[in-house]
Amino acid sequence: INKIKHLKVILVPPEDITLFLANNNDILSLFFAPLLNIGDTSFKTLEAKSDEIIHLLAKKRVKQMELKRAFDEVSATLMNSVNSTFFNTENFHVEREETDQIFTWINTPASSASMALVVGEAGCGKSVVIKDLKLKCDKSGIPALAIKAEYVKADSVARMEEKLNISYPIVDSIRTLAKEYDCVVVFIDQIDALSQYLSANRDYIYAFGTLISQLQQVEHVKTVISTRKFDCDNDAEIGKWKEKSQVFSIGLLSIDIVGKVLNVLGCDRADLSSGLQELLRIPVYLDVFCRIYTPGTRYSRVNTVMELYDKLWEKYVLEYERCEIIKKLLYVIADEMHALQEITVPARKFREQDTFLFGYLQSIHLIEVNNGMIQMFHQSFYDYVYARNFTENSRDVLEFIRTQKQNIYIRSSLKMILTFLRDYDRIKYRDAISEILTSQQYKFHIQHLVYAILGSQLSPLSIETDFVREVICSR
């Protein structure tokens with residue numbers, strides 16, 4: 001140690017060392033004598049090593065291609081199940097400005113949040129925006145995975161991977177791609193289908209919560225999740241994500257866009273009620289109108305979602321020669337979805353009941369089948385079918401609440417029924433919400449749901465404003 005202390009280290013530039021060795025051959029020969037003579041054999045060994053390195057690099061590129069191909073296969077469910085054009089309009093597609101806003105956020109590296117929520121009312125076109133974003137990512141060379149949440153009922157990430165039939169662990173795959181690309185995007189569409197405002201199996205949404213948390217730990221990864229506004233405002237799990245997210249609200253279609261679609265149909269706007277014209281600014285209802293429209297027919301008495309769906313029901317169910325059987329089949333499907341608290345159910349047993357009728361429902365697009373699972377063409381139509389069946393059987397909503405012992409898991413059903421009654425029988429609707437909110441026999445979570453329904457109405461009915469003024473505000 002003492003000897004080391006007396007050593008003095010001097011920094012010598014490389015060129016000085018070269019000159020020093022050139023002037024002192026004895027040192028060069030003593031300390032730098034060649035120890036290995038590289039012959040042809042050694043060169044072949046080195047060449048083999050280089051080929052191995054090149055092969056590994058090529059294999060790495062192949063793996064990236066395999067991962068991207070696997071992502072596209074998983075994404076096919078969403079891409080094939082979401083119809084992004086309007087019926088009977090020669091594939092008329094609306095480019096939403098919100099899509100461009102979200103894509104700009106995706107391409108902004110310095111974004112403060114790595115997660116975005118795409119929020120909107122039922123039927124506003126959230127799934128179409130997600131599909132268009134995936135297409136934009138593909139065109140720009142950005143690796144992207146798109147998951148349709150309602151088709152993935154899994155209580156863990158591992159089980160989710162099995163359901164998606166993906167050969168590689170999701171998070172590890174994304175981490176691998178994120179090392180090579182500036183951005184990797186994961187789209188999760190319709191997470192509210194697993195929420196059902198606290199009425200579904202909560203393990204499913206918790207599993208997605210775990211996946212989302214893991215994705216947040218990976219650099220260069222952005223997660224985009226779509227949800228209904230109602231669930232975003234009322235579901236605690238989705239609310240937690242909202243706090244960490246950039247929120248993009250999907251608005252209504254402009255009057256000009258609606259006019260362009262009606263022009264393609266050959267429909268005169270003067271034939272529509274003012275209420276219907278406003279309703280058609282919501283894409284799913286514009287699409288429904290495109291299905292039912294008959295040239296020369298006036299729609300001056302159609303003002304509500306209920307009346308619009310009644311027209312759809314009349315055209316494809318009531319006017320069908322086997323209408324009672326087709327009604328029963330739709331009701332059974334809706335009851336199965338309600339019993340399982342899921343909006344997708346296995347299609348096989350319903351197809352086997354009546355192959356012809358099942359094919360008819362598919363051909364008119366009242367139901368969709370993907371990967372052996374059946375769902376209504378839109379969640380709002382499922383709500384309509386279930387609530388219509390409930391009401392046609394003359395069931396009483398207050399009795400329903402009592403017989404179910406005010407269980408927390410009846411809330412999605414109660415929301416559907418009350419929403420249906422709101423248009424179908426406003427007196428019964430008013431009496432029901434009045435009883436629930438003024439009686440002490442109903443639990444807080446039931447009353448809270450009714451308050452949430454009232455508070456979420458963009459165009460309150462006079463009976464609702466009167467009730468709030470005379471009953472709630474007077475307390």
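None of these values were measured; they are calculated from a predicted model.
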Within the distance-only criterion (no hydrogens, no angle test), does the side chain of Glu342 pair as donor or acceptor with the backbone N or O of Lys153 below 3.5 angstrom? no
Does Glu352, at its CD atom, have more than 12 non-hydrogen atoms belonging to other residues, nucleotides or ligands within less than 6.0 Å? yes
Donor on one side chain, acceptor on other, Tyr151 and Asn370, under 3.5 Å: yes
Short side-chain to backbone donor-acceptor contact, Glu278 and Ser274, under 3.5 Å: no
Looking at Ile364, is its backbone amide N or carbonyl O close enough to the side chain of Arg291 to form a donor-acceptor pair, meaning the two atoms are under 3.5 Å apart? yes
Any donor-acceptor N or O pair under 3.5 Å, side chains Thr419, Asp383: no
Between Tyr429 and Asp423, a side-chain donor and acceptor under 3.5 Å: no
Set out, in order, the CA-CA distance, both residues' side-chain angles and the distance that settles salt bridge (charged side-chain N to carboxylate O under 4.0 Å, His left out) for Asp233 and Lys229, then state yes or no. CA-CA 6 Å; Asp233 292 341; Lys229 186 178 185 302; 2.7 Å; yes
Report, as yes or no, whether the 6.0 Å neighbourhood of atom NZ on Lys327 holds more than 12 heavy atoms from other residues, nucleotides or ligands. yes
Check Val471, Leu454, Ile446 against Leu437 for a side-chain contact (heavy atoms from CB on, under 4.5 Å) and give me the one that passes. Leu454
A quick test of your reading: do over 12 heavy atoms of other residues, nucleotides or ligands sit less than 6.0 Å from CZ of Arg348? no
Is there a donor-acceptor contact under 3.5 Å from the side chain of Gln246 to the main chain of Trp105? no
Which word best sums up how the rings of Phe400 and His338 line up, parallel for under 30°, tilted for 30 to 60°, or perpendicular for over 60°? tilted
Does one side chain, of Gln379 or Gln190, offer a donor that lies under 3.5 Å from an acceptor on the other? yes
Counting distance only, does the side-chain N/O of Gln277 pair as donor-acceptor with the main-chain N or O of Leu272 below 3.5 Å? yes
Lys148 with Glu150: basic N within carboxylate O range, under 4.0 Å: yes
So, applying ring-ring contact (aromatic ring centres under 6.0 Å, His included) with Tyr309, which one of Tyr424, Tyr316, Phe381 is it? Phe381
Just by distance, no angles: are the side chains of Ser226 and Asp189 close enough, under 3.5 Å, to form a donor-acceptor pair? yes
Passes side chain to side chain contact (heavy atoms under 4.5 Å, CB included), Val82 versus Ile130? Steps please. CA-CA 9 Å; Val82 175; Ile130 295 294; over 6 Å; no
Between Tyr299 and Phe289, how do the two ring planes meet: parallel, tilted or perpendicular, split at 30° and 60°? perpendicular
Answer yes or no: is there a donor N or O on one side and an acceptor on the other, between the side chain of Glu314 and the main chain of Glu319, under 3.5 Å? no
Pairwise distance CG(Asp192) to CG(Asn234) - rounded to 0.5 angstrom: 12.0 Å
Have Tyr442 and Arg402 got a donor and an acceptor in their side chains that come within less than 3.5 Å? yes
Aromatic ring pairing Trp313/Tyr331, orientation class (parallel under 30°, perpendicular over 60°, tilted between): parallel
Should the ring pair His448 and Phe444 be called parallel, tilted or perpendicular, given that the plane angle runs from 0 to 90° and is split at 30 and 60? tilted
Quiz question: by atom type and distance under 3.5 Å, do the side chains of Asp132 and Thr99 form a donor-acceptor pair? no
Can you tell me if CG on Asn393 sees more than 12 non-hydrogen neighbours from other groups inside 6.0 Å? yes
Has Lys315 got more than 12 heavy atoms of other residues, nucleotides or ligands less than 6.0 Å from its NZ? yes
Charged N to carboxylate O under 4.0 angstrom, Arg202 versus Glu237? no
Among all residues two or more places apart in sequence or in another chain, which pass the salt bridge (Lys or Arg N to Asp or Glu O under 4.0 Å) test with Asp271? Arg298
Glu392, CD: over 12 other non-hydrogen atoms inside 6.0 angstrom: yes
